[in-house]
Asks: 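First the structure, then my questions, so here it is.
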Amino acid sequence: MNVHQVVVAAAPHDAIVNHALALQQALGGRATSEIYARFVDVEMADFVRPLAEFPSAATSGSKDGSVDAIVYHASIGEHEVTEFLLARPEPLVIVYHNITPPEFFDEMDPAFAALLRAGRDELAALVPRAAAALGVSEYNAAELRSVGFANVGVSPLVGLTSRVDAEPDPETLARVSAQTGPVYLFVGQLLPHKRVDLLVQAFHILRTYLQPDAVLVIAGAQRMQACTDALHQFVAELALPDVWMTGTIPDSVLSAYYRGADAFVTATEHEGFCVPLIEAMTCGLPVIARRFAAVPDTLGDAGLLLEPADGAAVFAEAMLTVTTNDELSALLADGSRRRAEDWSALDPVRVFLDHLKGALS
């Protein structure tokens, strides 16, 4: 059986593309699964094919007569992809990674905000076309139901710990270990809804009044130049030392940061799942996060979950407490490991295949 996957854009280190690649590998001999994208970064050319090369409907059936399926990973708008999916005859399974509310981008990138709004409209247009719609979290599944999808399920991400399974880079690990103060780690793209600005505010309070030797590592792709420039300027205006903004880094370096840090921190206000939480918990890090979107579902009863109204000062106090209260730190680290074990006990490939079989039947 051919189970071809479609994404809008394929870029390196993108969580959605990583999931599609992991799913492709996990399917193995059970199904042939090519990945196609409307936009393919040159670094992904060996792994993802242009959507224009998708097999024609007349030749898409497998030799044994089994029915093809298209798996569409939805996260943003792209009219050409939606039109392509509406015109195809094969059963369509939507995997919904969530579409970030466009309001986060209205001021900084109106064009991108428009794509997000279009994505929500196009998702609704696919309701009558979909044989099944799968959220990668219960939060996403609830949103699918609110849009109007009937056959909705939850299908967890595949390969959640692949990045931290990499052998840690020894030079990076040595640098982190050499710090005299606590090292706080954030992992994620530098985008407005991640609220890295709030994290920097909290770190400013922490460095100025509480922990003058603390270090903040901001590790993640810098795909929106305006957001990246604003954060660099903010750090410079605050004259903050020891804020390490790494940009895109190899898995070995990321693994070293996870294994050398003292706590994982995120101020994000919108996530469809939040893979870095799983990575941090897998490494036994105490976690500080905020009660937004899918974060509570992913974190479970592990970590320190701050309320939406809590500002930078509260976040700074939480950072201090997590790294100075040994009993709390140990409790949170133990909670992280237990929650990571819960996630590792899942068999996401089997869950996905069960949903796929149900859609095809």
Side-chain angles (χ1 to χ4, degrees), residues 172-188 190 193-220 231-232 234-246 254 256-269 271 274 276-292 295-296 298-340:
T172 303
L173 193 56
R175 183 191 182 197
V176 175
S177 301
Q179 302 307 307
T180 58
V183 176
Y184 300 92
L185 174 64
F186 164 80
V187 177
L190 269 59
H193 64 286
K194 302 291 185 180
R195 292 305 312 274
V196 183
D197 60 313
L198 179 61
L199 205 55
V200 170
Q201 289 179 48
F203 184 68
H204 174 61
I205 296 170
L206 188 74
R207 282 278 310 206
T208 304
Y209 303 106
L210 303 171
Q211 286 180 324
D213 54 355
V215 174
L216 175 62
V217 180
I218 300 173
L231 285 169
H232 277 288
F234 191 33
V235 171
E237 288 174 351
L238 294 174
L240 269 176
D242 292 324
V243 176
W244 305 352
M245 297 176 68
T246 71
L254 182 63
Y257 280 127
Y258 271 117
R259 298 185 188 284
D262 295 286
F264 180 84
V265 292
T266 177
T268 184
E269 292 185 1
E271 298 289 341
C274 197
L277 288 176
I278 303 295
E279 295 172 334
M281 292 188 291
T282 298
C283 295
L285 284 178
V287 172
I288 305 173
R290 302 169 74 203
R291 194 184 300 278
F292 281 99
V295 169
T298 302
L299 196 58
D301 59 359
L304 190 59
L305 199 58
L306 304 181
E307 297 303 320
D310 293 335
V314 174
F315 208 114
E317 290 176 1
M319 293 167 74
L320 174 70
T321 303
V322 163
T323 56
T324 58
N325 185 321
D326 293 340
E327 184 178 352
L328 175 62
S329 179
L331 183 66
L332 290 174
D334 181 62
S336 285
R337 295 187 187 95
R338 286 187 286 103
R339 182 60 173 167

Asks: Which heavy atom of Pro182 sits nearest a heavy atom of Asp213, and at what distance?
Replies: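 Looking at all heavy atoms of both residues, the shortest contact is CD-OD1, 4.1 Å.
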Asks: Within this structure, what is the CD-CG distance for the pair Glu279 and Leu285, rounded to the nearest 0.5 Å?
Replies: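 Going from the CD atom of Glu279 to the CG atom of Leu285 covers 11.0 Å.
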Asks: Can you measure from CZ (Phe315) to CG (Leu304) and round to the nearest 0.5 angstrom?
Replies: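 Rounded to the nearest 0.5 Å, the CZ-CG separation comes out at 8.5 Å.
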Asks: Hydrogens and angles aside, do Thr323 and Gln211 bring a side-chain donor and acceptor to less than 3.5 Å of each other?
Replies: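 Per modelled atom types, Thr323 and Gln211 side chains form a pair under 3.5 Å.
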Asks: Is it true that a side-chain atom of Thr321 and a backbone atom of Glu317 form a donor plus acceptor pair closer than 3.5 Å?
Replies: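 Side chain of Thr321 to backbone of Glu317: a pair is present.
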Asks: Keeping Arg290 on the side-chain end and Pro308 on the backbone end, is there a donor-acceptor pair under 3.5 Å?
Replies: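 Indeed, once roles are kept as given, a pair shorter than 3.5 Å links the two residues.
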Asks: Give the intermediate values and the outcome of side-chain contact (heavy atoms from CB on, under 4.5 Å) for residues Val265 and Phe203.
Replies: CA-CA 10 Å; Val265 292; Phe203 184 68; over 6 Å; no
Asks: How far apart are the closest heavy atoms of Thr246 and Ala219, and which atoms are they?
Replies: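 Minimum heavy-atom contact is OG1-CA, 3.2 Å.
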Asks: Rounded to the nearest 0.5 Å, how far apart are CZ of Arg195 and CZ of Phe292?
Replies: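 The CZ atom of Phe292 is 8.0 Å from CZ of Arg195, to the nearest 0.5 Å.
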Asks: Side chains of Leu190 and Met245, heavy atoms from C-beta outward: is any pair under 4.5 Å?
Replies: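 Contact flag for Leu190/Met245 side chains = yes.
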Asks: So, for Val176 and Trp244, which heavy atoms are closest and what is the spacing to 0.1 Å?
Replies: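 Answer, listing the atom of Val176 first, then Trp244: CG2-CZ3, 4.2 Å.
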Asks: More than 12 heavy atoms of other residues, nucleotides or ligands under 6.0 Å from CD of Glu327: yes or no?
Replies: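 Open: at most 12 neighbouring heavy atoms sit under 6.0 Å from CD of Glu327.
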Asks: Is any side-chain heavy atom of Glu271 closer than 4.5 Å to one of Lys194?
Replies: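 Answer yes - side chains close enough.
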Asks: Under 3.5 Å, is there a donor-acceptor pair between the side chain of Arg339 and the main chain of Thr298?
Replies: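 Such a contact is found between Arg339 side chain and Thr298 backbone.
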Asks: May I ask you to test the Tyr258-Pro276 pair for a side-chain heavy-atom distance under 4.5 Å?
Replies: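 In short, these two side chains touch, coming nearer than 4.5 Å.
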Asks: In Å, rounded to the nearest 0.5 Å, how long is the span from CG of Leu305 to CZ of Arg291?
Replies: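 Leu305 atom CG to Arg291 atom CZ measures 4.5 Å (nearest 0.5 Å).
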Asks: Below 4.5 Å, heavy atoms only, C-beta onward: do Leu332 and Val287 meet side chain to side chain?
Replies: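 A side-chain contact is absent here, since even the closest heavy-atom pair is not under 4.5 Å.
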Asks: Measure the shortest side-chain to side-chain distance between Ile218 and Val200 over non-hydrogen atoms and say whether it is less than 4.5 angstrom.
Replies: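 Sidechains of Val200 and Ile218: in contact.
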Asks: Can you tell me how far OG1 of Thr324 sits from CG of Asp262, rounded to the nearest 0.5 angstrom?
Replies: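 The distance works out to 11.5 Å.
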Asks: Under the 3.5 angstrom rule, does the side chain of Tyr257 hit a backbone N or O of Val217 as a donor-acceptor pair?
Replies: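 The answer is no, because no donor-acceptor pair under 3.5 Å joins these two groups.
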Asks: Strictly distance-based, threshold 3.5 Å: is any side-chain N or O of Arg207 a donor or acceptor partner for the main-chain N or O of Ala214?
Replies: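 Present.
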Asks: For Ala289, does its backbone N or O pair with a side-chain atom of Thr266 as donor and acceptor, under 3.5 Å?
Replies: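 No; judged by distance alone, with no hydrogens or angles, the pair does not exist.
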Asks: Side chains of Leu320 and Tyr209: does their closest heavy-atom pair fall under 4.5 Å?
Replies: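 Contact flag for Leu320/Tyr209 side chains = no.
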Asks: To the nearest 0.5 Å, tell me how far Met319 CE sits from Ile288 CD1.
Replies: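 Result: 6.5 Å between the selected atoms.
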Asks: Going through the checks in order, is the side-chain contact (heavy atoms from CB on, under 4.5 Å) test met by Met281 and Leu299?
Replies: CA-CA 9 Å; Met281 292 188 291; Leu299 196 58; 3.7 Å; yes
Asks: Please give me the minimum heavy-atom distance between Ala333 and Gly284, naming the atom from each residue.
Replies: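 Ala333 and Gly284 have their closest heavy atoms at CB-O, 3.3 Å.
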Asks: Might you point out which heavy atoms bring Ala267 and Leu198 nearest each other, and give the distance in Å?
Replies: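 Looking at all heavy atoms of both residues, the closest pair is CB-CD2, 4.1 Å.
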Asks: Got Phe264 and Leu277 here, is their nearest side-chain heavy-atom distance under 4.5 Å?
Replies: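 Contact flag for Phe264/Leu277 side chains = yes.
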Asks: Determine the minimum heavy-atom distance between Ala302 and Gly335, stating which atoms define it.
Replies: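 Ala302 and Gly335 have their closest heavy atoms at CB-O, 3.3 Å.
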